[in-house]
Amino acid sequence: MTDIIKDDAHKLLKQKIDSKGLKQKYVAEKIGISTNYLGQVLNGNKKMSAEVAIRASRALDLSLEFFLNKS
């Protein structure tokens, strides 16, 4: 079974945060997760959940497909 979220979704999220010049604390608050948890996701220590991907896409005004595997 294929994961719905891309394996490199954490890297994509980090690139998007950096390119927009946003602070991780601000993004974590917008997503509704702790700064510590966001840091773990961005570093690849925690796999991005579908819920976090949905919230991140909304918070950063991205298409959800940005984080999804395409079958």
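Computed from a predicted structure; not experimentally measured.
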With K6 via salt bridge (Lys or Arg N to Asp or Glu O under 4.0 Å) - residues at least two apart: none
Salt bridge (Lys or Arg N to Asp or Glu O under 4.0 Å) involving E51 - partner list, sequence neighbours excluded: R55
Heavy-atom closest contact (D3 atom, N69 atom, distance): O-ND2, 2.6 Å
Test side-chain contact (heavy atoms from CB on, under 4.5 Å) applied to D18 - qualifying residues, sequence neighbours left out: K14
Nearest-0.5 Å distance that lies between atom OG in S63 and atom CG in L68: 7.5 Å
Contacts of A56 that satisfy side-chain contact (heavy atoms from CB on, under 4.5 Å) - sequence neighbours left out: L13, I31, F67
Distance-minimising heavy-atom pair for M48 and A9: CE-O, 3.7 Å
Q15: side chain to side chain donor-acceptor pair (under 3.5 Å) partners, not counting sequence neighbours: none
Partners meeting side-chain contact (heavy atoms from CB on, under 4.5 Å) with D61 (sequence neighbours left out): none
For R58, all residues meeting side chain to side chain donor-acceptor pair (under 3.5 Å), sequence neighbours excluded: none
Separation between CD1 of I5 and NE2 of H10, rounded to the nearest 0.5 Å: 13.0 Å
Show which side-chain atoms of residues 36-47 pair as donor or acceptor with protein atoms under 3.5 Å away, not counting sequence neighbours.
residue	atom	partner	partner atom	Å
N43	ND2	G39	O	3.0

Test side-chain contact (heavy atoms from CB on, under 4.5 Å) applied to F66 - qualifying residues, sequence neighbours left out: L12, K16, L62
Residue pairs passing the salt bridge (charged side-chain N to carboxylate O under 4.0 Å, His left out) test where at least one lies in residues 20-30, sequence neighbours excluded: none
